Amino acid sequence: MADHSTANDAPVPSGSTKPEPTKGGGAPVKTNENDGAKVPDPIVQIYQKLNQMFGNKEAQIFTMEYPGRILDMGNYSYKESTGLEAQVTKPQAVVEAEFRLSDDLFSLGQITGGPNGEKLSQVYQKILSSLVPSVQDESTFDQKIAPDQTLISKWLLELVPNWISPDEDPLKDVPESWAAFIPKQKVETGKPYTPPERMIPRVDLFQRLLTAYEDARLRWQQLKLNARPQKPADDPEWDFYDRMLATLSPSVDAKLEALWSVVLVRGQYHRIRHYLSLLDIESAAEALLRAKEALRASKMRSIDDSEDILPVQFSPASWGNYLTTDFEPVDLLMDQDAIIQYVIAAQNQRNELVRRLSILQSSKQDTKTLEKEVNAAKDKLTKAKEEMLKGFTENLATVVKFYIEKTKKPTDFKGEDLTTFVTKSKLNITPEEINQVSAGLNNVITQRDGYDAALDKYSRLLGEAASAEASNPEVAISQLKAQIEALSASISTHSSILEAVRDPNAKSTGTDAIPPSPKKGASQWQSLIIRYEMGTKNDTSKELQSTSTVQAHASGWFWSASYSQDKTRADNLKQFDASNTSISLAMNVMKVQISRPWLDASIFHQSDAYVRISGDKFSNGFDSKHVSSQNEDPLTGAALLKKFSEAEQTILPAYPVAFIVAKDVTIKLTTDKEKTKIENSVIREHVNAGGSCFGISVAATGQSTSSTQSAYSSTEGNAVTIKVPGPQIVGWIMQCTPEDRCSTDYHRIDPEQFKVGDDASADAGKNGKDKK
């Protein structure tokens with residue numbers, strides 16, 4: 001039987017049949033295929049269920065993300081998230097990950113393929129920068145309220161006789177045993193207002209009287225805290241403390257009440273506060289200024305210094321810790337054929353990786369030996385250079401010595417070439433001395449040859465070391481080892497699952513899909529169960545409308561990029577027949593609220609108080625009632641798509657305020673035996689290649705080392721079961737932005753408005769002098 005409990009909310013294009021009527025306002029009438037009823041597409045029914053649970057608030061719409069976005073628990077989980085100081089102790093990496101997740105914007109619609117590339121923080125800043133206060137609005141405000149505010153200011157600044165505080169301390173009756181506990185009175189600095197004829201403004205008198213009363217009341221409270229015994233409850237000091245309070249409290253409270261009466265009469269407490277409320281009125285200009293200040297103050301740079309990060313608060317704060325699967329290992333059993341095929345493929349892949357690893361290890365060069373040879377060659381080069389320079393210096397010293405000994409006239413040498421000078425001087429040099437100089441020159445040449453050889457060897461070894469370092473396969477070897485370890489662990493896990501599958505004592509799982517009970521954050525998760533049958537008369541007219549392009553295959557059942565490239569898989573998909581198939585889908589879902597302290601939504605609601613300097617409206621005020629599940633006659637088809645398209649012409653038609661997380665998804669398809677084989681083949685291909693089933697994302701086999709991001713399929717009789725333990729975002733709650741009513745005409749400020757404050761101060765001063 002088909003469950004039509006949500007068929008009333010299915011978007012229906014114009015001209016299509018309306019949903020089934022209800023009896024007496026109760027649940028819709030259930031029908032079967034013999035009644036001629038048409039069943040909406042499975043994706044539509046999943047949307048309807050989620051929309052009923054989370055998308056019925058005013059000015060909000062539920063947008064389903066198809067396929068779901070897989071979440072990595074490591075990016076959002078931290079230990080201190082369950083404490084009261086969760087927001088303070090949140091690691092910076094988690095702060096940035098949550099901001100990036102919540103900063104995406106989506107095309108307005110009932111279903112979306114993912115973010116549209118726009119960022120909420122950037123669009124919001126653009127909106128604030130394009131708004132200026134409307135002078136026309138401020139003029140209306142001044143004409144009505146500003147005259148009263150001027151009169152109130154004059155009255156508050158009017159000079160009145162000063163109040164002299166009494167010399168008697170309200171705590172003077174405290175016994176000597178408690179004297180050490182009495183807080184000291186505050187001593188006023190500066191010249192006190194002691195003369196009776198001294199005058200002060202009325203607002204200053206109000207402040208002085210209120211401060212005197214609050215100080216006295218605070219000192220009384222502080223005294224009771226200071227005198228509180230720091231001993232066990234049965235100590236006699238507690239009895240003395242209670243009796244003392246019972247005795248002193250009436251007297252001190254009466255004195256405080258008398259001081260309060262002075263505040264009421266002399267300070268005119270309630271009257272002044274009433275008038276202050278008329279002065280303390282924030283204009284739209286101040287609200288805009290405060291919003292800009294909050295945005296600037298909240299900005300911080302990312303860890304990699306690539307972008308600005310703004311703080312966001314997710315509720316529940318510990319939502320990242322709840323992203324673990326609640327499936328038991330026995331719940332993730334697959335068919336024997338699928339497990340055997342996976343184990344064989346994984347073993348072949350591991351053998352290939354082992355072969356590549358052995359090749360890299362055999363061709364690996366000994367970089368440490370090369371480093372030793374380079375260092376030794378460098379030492380020899382340094383030593384050869386030193387010997388060469390030493391020989392050259394000694395030979396030069398010998399020639400100079402000969403010159404000095406032969407000429408005895410060192411002043412005759414004036415810097416000309418040494419050879420020319422020696423020739424002119426006709427030095428008497430013996431053959432032994434010439435041989436000595438010649439031997440020194442030969443020694444220098446030999447040393448130079450040794451230096452050149454050492455330099456050549458050092459350069460050659462240095463090049464070999466650099467080449468070995470560049471071609472060092474250490475990184476590739478470590479990556480191959482990690483892949484081999486992951487495959488080995490996966491093979492071991494699947495081998496254990498295969499043994500459990502072959503267990504003859506294993507019990508049947510039944511015909512209905514039931515989600516496991518959550519262990520972490522049980523109060524945050526809700527179970528979603530959908531049961532229906534696909535009749536021979538499928539209703540293909542009911543579609544989810546969206547301005548974004550969402551690709552789906554097989555009436556939205558499956559999606560996989562591999563099907564567009566593989567002819568065999570495409571042929572299997574064509575043979576897939578969903579008619580007369582009973583479908584049971586179950587999952588645990590959680591709503592996560594997004595709070596942005598830096599975003600002031602009141603700016604959108606009072607847009608008529610601003611002038612927009614840009615031509616783009618931020619919203620045309622999309623009415624969420626068009627898609628509300630509580631609306632008896634919602635828009636459908638082309639009419640609804642037109643509304644979405646009109647809203648998309650603005651820069652911020654809606655922004656996300658919450659998202660829906662699903663995990664532990666179980667999908668069970670039951671049909672006849674002939675179709676079961678084809679269904680299992682199609683599903684297995686999708687599980688291995690990656691993609692989605694009913695909008696639930698599935699990571700491709702081998703693309704994820706986490707078992708929570710994989711999918712498991714099994715066949716039992718006429719039923720094919722898919723289990724996806726990993727958490728993923730399946731939808732967003734979008735807050736529709738109010739209509740942009742900003743003006744585009746700016747009016748100049750009336751110069752007379754600048755005289756109000758000066759006139760008030762001048763008149764108040766004059767009034768005070770007259771009073772004095």
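Position 1 is the first residue of the sequence, and the numbers go up from there. Bear in mind the structure is a predicted one, so any value in this text is a computation, not a measurement.
- A 6.0 Å sphere centred on NZ of Lys643 holds no more than 12 heavy atoms belonging to other residues, nucleotides or ligands.
- With Ser315 contributing its side chain and Ala317 its backbone, the two residues share no donor-acceptor pair below 3.5 Å.
- In this structure, Asp616 CG and Ile127 CD1 are separated by 10.0 Å, a value rounded to the nearest 0.5 Å.
- For the residue pair Ala586 and Pro515, the shortest heavy atom distance occurs at CB-CD, 3.3 Å.
- For the atom pair OG1 of Thr63 and OH of Tyr47, the computed distance is 6.5 Å after rounding to the nearest 0.5 Å.
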Exercise for review: Apply side chain to side chain donor-acceptor pair (under 3.5 Å) to Thr650 and Asn620, showing your working.
Suggested key: CA-CA 7 Å; Thr650 60; Asn620 65 353; 4.8 Å; no
**Study point:** Test log, rule side-chain contact (heavy atoms from CB on, under 4.5 Å), inputs Tyr655 and Arg596
**Key:** CA-CA 11 Å; Tyr655 56 93; Arg596 303 177 179 88; 4.0 Å; yes
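- For the pair Phe62/Ile733, a side-chain contact is recorded, criterion being any heavy-atom separation below 4.5 Å from C-beta on.
- Taking 4.5 Å as the limit, some side-chain heavy atom of Val661 sits within range of a side-chain heavy atom of Trp525.
- A 4.5 Å side-chain heavy-atom check between Ile46 and Val730 finds every atom pair outside the cut-off.
- The aromatic ring centroids of Phe314 and Phe659 lie less than 6.0 Å from each other.
- Within the 4.5 Å cutoff, side-chain heavy atoms of Gln110 are placed close to those of Phe644.
- A donor-acceptor pair is defined here as one N or O able to donate and one able to accept, closer than 3.5 Å; no such pair exists between the side chain of Asn588 and the backbone of Ala662.
- Atom CG of Asp308 and atom CZ of Arg296 lie 13.0 Å apart (nearest 0.5 Å).
- Taken to the nearest 0.5 Å, the NZ atom of Lys119 stands 3.5 Å off from the CG atom of Asp104.
- Side-chain contact between Leu295 and Leu310 is present, with heavy atoms from C-beta onward closer than 4.5 Å.
- Taking both residues in full, the closest heavy atoms of Ser77 and Val94 are given as O-CG2, 4.4 Å, listed atom of the first, atom of the second, then distance.
- Closest non-hydrogen pair, Ala654 versus Leu105, comes out as O-CD2, 4.0 Å.
- For the 3.5 Å distance criterion, the side chains of Ser302 and Asp304 qualify, holding a donor opposite an acceptor.
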Check your understanding: Would Trp319 and Glu98 satisfy side chain to side chain donor-acceptor pair (under 3.5 Å), going step by step from the backbone distance to the final call?
Key -> CA-CA 11 Å; Trp319 74 281; Glu98 290 186 346; 3.2 Å; yes
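- Contact record, Ile594 with Pro656: CD1-O, 4.4 Å, taken as the closest heavy-atom pair.
- Contact between Glu739 and Ser607 at its shortest, heavy atoms only, is O-OG, 3.4 Å.
- Leu108 places a side-chain heavy atom less than 4.5 Å from the side chain of Ile61.
- Relative ring orientation between Trp598 and Phe99 is described as perpendicular, the plane-to-plane angle rising above 60° on a 0-90° scale split at 30° and 60°.
- A donor-acceptor pair under 3.5 Å is formed between the side chain of Glu96 and the backbone N or O of Ile303.
- Atoms CD and CE, from Gln526 and Met587 in turn, are 12.5 Å apart once rounded to the nearest 0.5 Å.
- Side-chain N or O atoms of Asp664 include one that pairs as donor or acceptor with a backbone N or O of Asp326 at under 3.5 Å.
- Aromatic rings from Phe106 and Trp732 are positioned such that their centres are separated by under 6.0 Å.
- Between Pro653 and Phe622, every side-chain heavy-atom pair lies at or beyond the 4.5 Å cut-off.
- With a 6.0 Å radius and a threshold of 12 heavy atoms from other residues, nucleotides or ligands, Lys57 has its NZ atom at or below the threshold.
- Counting heavy-atom neighbours within 6.0 Å of Lys520 NZ, excluding the residue itself, gives a total of 12 or less.
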Practice item. Determine, stepwise, if the pair Ser130 / Ile613 fulfils side-chain contact (heavy atoms from CB on, under 4.5 Å). Key: CA-CA 5 Å; Ser130 65; Ile613 60 178; 4.1 Å; yes
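- Using a 4.5 Å cut-off on side-chain heavy atoms (C-beta onward), Met300 and Val95 make contact.
- Going from atom CG of Leu640 over to atom NE2 of His626 covers 8.0 Å, rounded to the nearest 0.5 Å.
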Practice item. Please step through side-chain contact (heavy atoms from CB on, under 4.5 Å) for the pair Tyr124 and Asp600, ending with a clear verdict. Key: CA-CA 10 Å; Tyr124 176 67; Asp600 188 357; 3.7 Å; yes
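- Of all non-hydrogen atoms in Pro316 and Tyr322, the two that sit nearest each other are CG-CE1, 4.2 Å.
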Exercise for review: Please test Arg69 against Gln728 for side-chain contact (heavy atoms from CB on, under 4.5 Å), starting from the C-alpha separation and ending with a verdict.
Suggested key: CA-CA 5 Å; Arg69 187 188 310 190; Gln728 52 191 283; 5.7 Å; no
